[in-house]
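These numbers come from a predicted model, not from an experiment. Ligands are counted one by one from 1 in listed order, and the atoms in each one are counted from 1 as well.
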Amino acid sequence: MRAVFKGIRALVVATAGLSGSLAMAADADQGATLAKRWCATCHVVDGDQKQASADVPPFAMIAKKPDFTPEKVAAFLIEPHPKMPNFPLSRSEAADIAAYIGSLRK
Ligand code: HEC
């Protein structure tokens, strides 16, 4: 009986993972790596990070804004923006970072 349960659970996890990756071509894990490289000097990009600039919104806070969408963040990153340096990010890298920020929305 327990083996059956385990089997069902594995199947559910596998299907959820599959539909998730189909829905979003962007790779949040890759986004996390990029965020740590490019954004962590100013933003708190994950829960383990202790230091960042004051007055810069942590990613977890950006993710919780009511109007947050990964699409908007990705577009924002590709556009030039006055208070942040311009990053040499490709469209897909911007989408990955946006997906990562989206994954912080809980
Ligand atoms: C040099 C410091 C600095 C770096 C590096 C930086 N940011 Fe920012 N970021 C800021 C500041 C300052 C603000 C607040 C801007 C404001 O209030 O207008 C901000 C705001 C934002 C916002 C919120 C925009 C909004 O709608 O409120 C997003 C999203 C964002 N940053 C993403 C990123 C990402 C992703 C990276 C890495 C690729 C990054 N930032 C790197 C300084 C930085």
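Of all heavy-atom pairs spanning Thr41 and Ser53, the tightest one is O-OG, 3.6 Å. Considering every non-hydrogen atom in both Gln49 and His43, the closest pair reads NE2-O, 3.1 Å. When every heavy atom of Phe87 is checked against every heavy atom of Trp38, the shortest pair comes out as CE2-O, 3.6 Å. Taking each heavy atom of Phe68 and Ala98 in turn, the nearest pair found is CZ-O, 4.1 Å. In terms of heavy-atom proximity, Ala26 sits nearest to Ala99 at CB-CB, 3.7 Å.
Heavy atoms of Lys72 stay at 4.0 angstrom or farther from ligand 1. At least one heavy atom of Pro85 sits less than 4.0 Å from an atom of ligand 1.
Comparing Phe76, Phe59, Phe68 against atom 24 (C) of ligand 1, the shortest heavy-atom distance belongs to Phe76.
More than 12 heavy atoms of other residues, nucleotides or ligands sit less than 6.0 Å from atom CZ of Arg105.
Closest to atom 26 (O) of ligand 1 among all protein heavy atoms lies Lys65 NZ, 3.3 Å. Scanning the protein for heavy atoms near atom 41 (C) of ligand 1, the closest one is Phe87 CZ, 3.2 Å. The protein atom (non-hydrogen) at minimum distance from atom 23 (C) of ligand 1 is Ile62 CD1, 3.8 Å.
Among Asp27, Val45, Asp29, Ile97, the one residue that satisfies the side chain to side chain contact (heavy atoms under 4.5 Å, CB included) test with Leu34 is Ile97.
In summary, the atoms of ligand 1 found under 4.0 Å from a heavy atom of Thr41, numbered by their order in the structure, are 5 (C).
For the atom pair CD1 of Ile101 and CZ of Phe59, the computed distance is 4.0 Å after rounding to the nearest 0.5 Å.
Ile78 and Ile62 end up in different hydrophobic clusters when Ile, Leu, Val, Met, Phe, Trp and Tyr side chains are linked at under 4.5 Å.
Among residue pairs with one or both ends in residues 48-77, those qualifying as salt bridge (charged side-chain N to carboxylate O under 4.0 Å, His left out) are Asp67-Lys72; sequence neighbours excluded.
If you count the protein N, O or S atoms nearer to atom 8 (Fe) of ligand 1 than 2.8 Å, you get 2.
Residue Trp38 has no nitrogen or oxygen atom sitting less than 3.5 Å from a nitrogen or oxygen atom of ligand 1, judged on distance alone.
With a 4.0 Å cut-off on non-hydrogen atoms, Leu77 touches ligand 1 through its side chain and not its backbone.
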